[in-house]
Amino acid sequence: MALPQVRVRFAPSPTGYLHIGGVRTALFNWLFARHHGGKFILRVDDTDQARNVHEALQPIMDGFKWLGIDWDEGPGMGGPHAPYFQSQRSDIYAEAVEKMLGDGYAYRDFSKPEEFAAERQTAEKEKRQFIYSRTWMAETEDEVKKFEAEGRESVVRLKMPREGKCEFSDMVRGDMSFEWGGEQDHVIQRKDGSCLYHLTSVVDDGAFEISHVIRAIEHLPNTPRQIFIAQSLGLELPIYAHLPFVAEPGSSHKLSKRKLDKYLKNRDFKVLYDHGENIAQKIGYSASPETFNPVIVDFYREIGFLPDAIINYLLLLGWSLDDKTEDFTRAAMIQEFSLDRINKAPASFDPQKLTSFQSRYMWRLEMKEKLDMVLPYLEKSGLIQSPPTEEIKSKVRAILEAANERISFAGDILDYTELFLADDAFEYEEKAFRKRLVNAEAQRDLLVKLRNVLPDITDFSAENLDNYLHTFVEREGVGMGMIVHAIRVAITGKAVGFGLFDIMSIIGKAGCKNRIDRALQLVAQQQ
RNA sequence: GGCGCGUUCGUCUAGUGGUCUAGGACGCUGGCCUCUCACGCCGGUAACAGGGGUUCGACUCCCCUACGCGCUACCA
């Protein structure tokens with residue numbers, strides 16, 4: 001069987017944000033297209049909200065661009081089947097509706113909404129399946145005139161078959177079979193002439209020559225009526241593949257951006273969110289829950305995630321190559337991706353695992369790339385000048401080298417603000433200060449001794465400081481632990497951090513002296 | 001209610017009738033390393049939803065039940 005040209009699409013409705021679940025669906029489409037050398041098309045499903053489409057679409061396109069998911073046809077790209085906005089294709093849909101009407105696959109329905117609803121309610125009350133009586137169906141001109149004379153208005157409904165089965169094969173689910181009789185006469189055109197999703201989607205899939213429809217599982221029950229529309233219009237059917245949805249962390253509910261409050265009760269989710277919020281605060285980013293939310297791609301961009309880490313994580317959410325491979329470059333995932341290794345069960349979004357991918361990707365980065373990622377955060381927070389001087393850059397480079405795996409998100413560089421603030425401007429953590437300085441007399445005395453010999457140290461490299469301090473404690477007849485903590489707190493204000501000798505070297509001799517003096521002074525004040 | 005889909009460690013998953021006393025990863029956890037934290041290394045914890053079949057043999061095939069989710073819109 002020769003595979004036709006692969007053409008797939010992702011059809012977002014412009015909502016103003018890019019949802020992580022949507023990215024996963026788009027990713028699978030994109031990978032499938034790239035794997036087969038086909039086309040990935042972006043179509044804008046804006047039949048409902050014609051207003052502000054541009055504004056609402058921009059974040060979605062920006063998100064995809066950032067993630068490196070590019071489209072061959074669609075907004076900003078054009079293409080042989082333009083326009084790619086459904087709001088600009090009404091004539092095409094109207095024509096399709098006329099054709100279906102003419103061929104008897106659809107009919108004008110003059111029922112009033114309340115009449116139709118009444119029928120449905122009756123059926124529900126009697127606990128039987130609702131099937132429209134078609135009492136107000138008009139198929140001839142005379143019938144139309146008769147109903148119009150009564151002052152009725154019409155919509156166009158599908159004239160669904162009521163017998164037999166709709167059978168099709170799904171590339172993820174296998175063979176599917178639905179009773180036609182279970183289907184409703186869905187409305188495809190409103191009385192104002194605008195068309196509904198099922199119609200527009202099928203018409204466009206046909207027009208764009210979509211070969212494979214890869215979408216979320218919630219569309220599976222919609223498939224029979226879409227097949228009916230496609231067949232009525234004489235369109236070739238695409239091959240369907242329905243993806244399991246992305247669920248909330250630790251639950252089987254579909255991930256939704258509206259339930260942020262609820263997700264924050266999940267520990268792992270909250271950890272990620274708080275981490276992000278902390279960074280956002282330091283760079284003065286106003287965190288609106290509309291977009292600053294771990295369900296939305298913008299969140300990750302703001303706090304310094306790597307697109308590749310997100311993509312790699314998402315790839316494995318419902319797909320796997322084998323029992324061990326986890327790291328995929330773009331080239332590798334394009335090479336290996338196939339629909340038949342997609343899982344059937346919903347996959348729940350795990351913030352911890354995403355974070356672990358991010359950390360690994362971050363650690364592996366070349367120094368230059370890491371530096372480029374991190375500098376904007378220092379600039380935005382006002383800790384360094386913009387653009388940074390070479391001197392600052394080499395300082396940041398030294399910090400990155402020393403901090404190493406401690407930086408997982410680019411914004412984590414802001415955990416080391418004390419290394420950029422003036423010697424008398426950073427703050428001391430109260431608890432650490434008390435424990436390591438105020439209530440540690442012996443250690444403090446050692447610190448004083450060290451401070452006094454500080455000017456004698458000519459080589460302030462980390463390596464030499466290491467040697468020097470080891471000799472120093474040896475001479476004093478104590479362990480390293482006796483001096484290290486006091487120094488750390490005195491010069492950084494914190495109880496934890498990366499290697500002390502690195503920190504000292506980065507702060508420099510004068511800085512260390514100033515900071516130790518300041519700390520000792522503060523201790524004196526407290527006593 | 002009807003129809004449909006799904007169900008392996010807490011989570012992502014491997015597994016297509018015997019190689020499974022079920023493998024990997026994240027997490028959690030014990031230890032080592034060590035100036036703290038992190039990294040790293042070594043070890044541990046933990047799963048086939050339940051019940052019936054089919055079969056010499058079932059995580060794998062069939063049926064039922066339970067649970068979860070979705071669709072059943074003049075939303076997409």
The side chain of A:D45 lies closest to which of these nucleotides: B:rG40, B:rA76, B:rU11? B:rA76
Pair partner, B:rU11 [Watson-Crick or wobble, under 3.5 Å]: B:rA25
Tell me what A:R173 touches on the nucleic acid: a base, only sugar-phosphate, or nothing, going by heavy atoms under 4.0 Å. sugar-phosphate
Among all residues two or more places apart in sequence or in another chain, which pass the side chain to side chain contact (heavy atoms under 4.5 Å, CB included) test with A:A11? A:R9, A:R43, A:D45
Determine the contact category for A:P113: base if any of its heavy atoms lies under 4.0 Å from a base atom, sugar-phosphate if only primed atoms, P, OP1 or OP2 are that close, otherwise nothing. base
Paired with B:rU16: which nucleotide, if any, by Watson-Crick or G-U wobble criteria at under 3.5 Å for both distances? none
Give every pair of a protein N or O atom and an N or O atom of nucleotides 28-36 of chain B that lie under 3.5 Å apart, one pair per line with the distance.
from, atom 1, to, atom 2, distance (Å)
B:rC35, O2', A:H485, NE2, 3.4
B:rC35, O2, A:R488, NH2, 2.8
B:rC35, N3, A:L500, N, 3.3
B:rU36, O2, A:G497, N, 2.8
B:rU36, O2, A:G497, O, 3.2
B:rU36, N3, A:R488, NH2, 3.0
B:rU36, N3, A:G497, O, 2.5

Do any N or O atoms of the protein come closer than 3.5 Å to N or O atoms of nucleotides 59-68 of chain B, and which pairs are they?
from, atom 1, to, atom 2, distance (Å)
B:rG68, O2', A:S252, OG, 2.3

Given B:rA14, is OP1 or OP2 found less than 4.0 Å from the side-chain N or O atoms of A:N343? yes
Go through the structure and list residues passing ring-ring contact (aromatic ring centres under 6.0 Å, His included) with A:F426, not counting sequence neighbours. A:Y428
Suppose we define a pair by two distances each less than 3.5 Å, Watson-Crick or G-U wobble; what does B:rC67 pair with here? B:rG6
Hey, does the side chain of A:S320 come within less than 4.0 Å of B:rA14's phosphate (OP1/OP2), counting only N and O? yes
Check this for me: does any side-chain nitrogen of one of A:K353 and A:E326 sit under 4.0 Å from a carboxylate oxygen of the other? yes
Residue pairs passing the salt bridge (Lys or Arg N to Asp or Glu O under 4.0 Å) test with at least one member in residues 490-500 of chain A, sequence neighbours excluded, are A:E418-A:K494
Pairs where residues 429-442 of chain A contributes a residue and the test salt bridge (Lys or Arg N to Asp or Glu O under 4.0 Å) is met, not counting sequence neighbours: A:E430-A:R434
For B:rG1, the nucleotide meeting Watson-Crick or G-U wobble distances (both under 3.5 Å) is B:rU72
Pick base, sugar-phosphate or nothing for A:Q184, based on heavy-atom distances below 4.0 Å to the nucleic acid. sugar-phosphate
NA contact type, A:R341, heavy-atom cut-off 4.0 Å: base, sugar-phosphate, or nothing? sugar-phosphate
Pair listing, ring pair (Phe, Tyr, Trp, His ring centres under 6.0 Å) test, anchored in residues 476-501 of chain A, at least two apart: A:Y416-A:F498
Just jot down the ring-ring contact (aromatic ring centres under 6.0 Å, His included) partners of A:F110, sequence neighbours excluded, or say none. A:F147
Ion pair present between A:E150 and A:R152, side-chain N to carboxylate O less than 4.0 angstrom? yes
Please determine whether any donor N or O and acceptor N or O are separated by less than 3.5 Å between the side chain of A:K353 and the base of B:rA25. yes
Checking all strands, does A:N222 fall into the base, sugar-phosphate, or nothing category for heavy-atom contacts under 4.0 angstrom? base
Not counting sequence neighbours, which residues clear salt bridge (charged side-chain N to carboxylate O under 4.0 Å, His left out) with A:E366? List them please. none
